[in-house]
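Contents: one structure, followed by commentary.
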Amino acid sequence: MSKHSVKATLSAAVIATAVFGPPAAQAASAPLSGARVAAHFDLAAGRQPENVALSPDGTANITFAASRQVARVTRDGSTRIVATLPAPADGGVHTPVLGFPLTTGIVRAHDGTLYVLYATGTADLTGLWRIRPGCAPERIAGLPANGLPNGLALDPRTGTLYVADSVLGTIWSVPVRGGTPKAWSTAPELASTGFLGVNGLKVRDGALWATNLDLGTILRIPLDRPGTVRTTATGLVGIDDFEFTGRGDEILATLDSPNTVVLVRPDGTRSTVLDATDGLRNPTSVAVRGETVYVLSAAYSLADDPNMLLAHLDR
């Protein structure tokens, strides 16, 4: 989530509508090329994409933060809503930091089941939700109403889901079958300094990797030593989500408020590979499938043209 006037811009988005033509001239930098906006979303309806999980056929399963919806978006931009989570009785005004209910992290299991995080500020709805193909969404684990569940990762080897709570500075673990969450790590590197702390999560090579938005860091935490945190990159102002390119520990990271996607090398150095000239509008998440990179932009502070961008990853 962007650090700049998220709540205010979401209110403005209700009345903001526009018709967008072709994206500007492309400025994607190596190893990305051929960037194009594949789908534009309805800002007035709150369809601001927050997170993404890919299906084997390349369909993007995404959460729309402000509309409480989960959707499937094809590479040609066709969008279908597959679930809408129930609205809290109080409208979500007590959701920590943001003051509105929002769907956040999403992962997809091998059988097509989607797991989604929902923050409402209420004990009856905040938590981890499961959406099985053809079934209504169901909450399988409650999470603290005074927290903000945000990033989500799945370890398919152990059937464990990891949840980043950006307000409480905690990573929770939950079995895929559901149940009572356990505080897996409360390391100080996960904490917020005033807005949102630990955010994006990924499981890779025996470790859980995470971002901290407030600190602008990427972290690596061994799965067998959750109290041992190594900072692998710093200075990433506005970092939200990230994904590995498939070339070792090389990472693509979305910087929401700077409105860029950066390539972060294993030594922590970085370079900008996508920016506003490619169509970015506050990028929130990124996914990689083969040679295709998917980037979602929610337009939180820019308040125009939330979208999904595709680019080619040169191998």
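For the single chain, residues carry numbers from 1 onward in sequence order. Only a predicted model underlies this, so the values are computations on that prediction, with no experimental measurement involved.
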Please check if any side-chain donor atom of [X] sits under 3.5 Å from a side-chain acceptor atom of [Y], or the reverse.
| X | Y | value |
| --- | --- | --- |
| Asn51 | Asp241 | yes |
| Thr122 | Asp124 | yes |
| Thr245 | Glu250 | yes |
| Asp256 | Thr284 | no |
| Thr292 | Arg75 | yes |
| Asn150 | Thr104 | no |

Quiz item: Any salt bridge (charged side-chain N to carboxylate O under 4.0 Å, His left out) pairs touching residues 133-144, not counting sequence neighbours?
Solution: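 Qualifying pairs: Arg130-Glu138, Arg132-Glu138.
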Quiz item: Going by the salt bridge (charged side-chain N to carboxylate O under 4.0 Å, His left out) test, which pairs reach into residues 142-154, not counting sequence neighbours?
Solution: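 Every pair satisfying salt bridge (charged side-chain N to carboxylate O under 4.0 Å, His left out) with a residue in residues 142-154: there are none.
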Practice problem: Quickly, which of Leu213, Ile218, Leu219, Thr217 forms a side-chain contact (heavy atoms from CB on, under 4.5 Å) with Leu215? Name it, please. | Solution: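 Result for side-chain contact (heavy atoms from CB on, under 4.5 Å) with Leu215: Thr217.
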Quiz prompt | Partner of Val73 by side-chain contact (heavy atoms from CB on, under 4.5 Å), out of Thr59, Thr79, Leu296 | solution =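 Exactly one option meets the side-chain contact (heavy atoms from CB on, under 4.5 Å) with Val73, and it is Thr79.
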Quiz item: Which is it for Thr254 and Ile239 under the side chain to side chain contact (heavy atoms under 4.5 Å, CB included) test, yes or no, and what are the steps along the way?
Solution: CA-CA 6 Å; Thr254 57; Ile239 190 169; 5.8 Å; no
Looking only at non-hydrogen atoms, find the nearest pair between [X] and [Y] and report the distance.
| X | Y | value |
| --- | --- | --- |
| Ala191 | Asn212 | O-ND2, 2.9 Å |
| Arg108 | Leu54 | CD-O, 3.7 Å |
| Leu161 | Pro175 | CD1-O, 4.4 Å |
| Pro137 | Ala83 | CG-CB, 4.2 Å |

Practice problem: Quick one: do Ser271 and Arg265 satisfy side chain to side chain donor-acceptor pair (under 3.5 Å)? Show the steps, please. | Solution: CA-CA 9 Å; Ser271 58; Arg265 302 172 188 87; 3.0 Å; yes
How about [X] and [Y]: do any of their side-chain heavy atoms sit closer than 4.5 Å?
| X | Y | value |
| --- | --- | --- |
| Val286 | Tyr294 | no |
| Leu32 | Leu313 | yes |
| Glu50 | Leu102 | no |
| Phe41 | Gln48 | no |
| His94 | Thr120 | no |
| Thr211 | Val198 | no |
| Pro133 | Thr113 | yes |

Self-check item: Atom CZ of Arg157 with >12 non-hydrogen neighbours under 6.0 angstrom
Solution: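 For Arg157, atom CZ is not crowded (no more than 12 foreign heavy atoms under 6.0 Å).
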[X] with [Y], same ILVMFWY side-chain cluster at under 4.5 Å:
| X | Y | answer |
| --- | --- | --- |
| Leu154 | Ile171 | no |
| Trp184 | Trp209 | no |
| Val264 | Phe242 | yes |
| Phe100 | Tyr118 | no |
| Phe195 | Val167 | yes |

Practice problem: Mark yes or no: Arg204 above the aromatic ring of Phe244, with NZ or CZ under 6.0 Å from the six-membered ring centre and no more than 45 degrees from the axis. | Solution: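 Pair Arg204/Phe244 counts as cation-pi.
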Quiz prompt | Partner residues of Ser192 under the side-chain contact (heavy atoms from CB on, under 4.5 Å) criterion, sequence neighbours left out | solution =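 side-chain contact (heavy atoms from CB on, under 4.5 Å) check on Ser192 returns Asp214.
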Practice problem: Step by step, work out the side chain to side chain donor-acceptor pair (under 3.5 Å) result for Ser301 and Asn282. | Solution: CA-CA 7 Å; Ser301 65; Asn282 301 135; 3.2 Å; yes
Practice problem: Let me see the working for Val116 and Leu128 under side chain to side chain contact (heavy atoms under 4.5 Å, CB included), right down to the final yes or no. | Solution: CA-CA 6 Å; Val116 176; Leu128 175 66; over 6 Å; no
Exercise. Decide side chain to side chain contact (heavy atoms under 4.5 Å, CB included) for Val203 and Leu223; before the verdict, give the C-alpha distance in whole Å, the side-chain angles of both, and the deciding distance to 0.1 Å.
Key: CA-CA 9 Å; Val203 173; Leu223 289 172; 4.2 Å; yes
Quiz item: Given the rule in the side chain to side chain contact (heavy atoms under 4.5 Å, CB included) test, do Ile140 and Arg177 qualify, once you have shown the distances and angles that lead to the verdict?
Solution: CA-CA 7 Å; Ile140 62 171; Arg177 65 180 181 277; over 6 Å; no
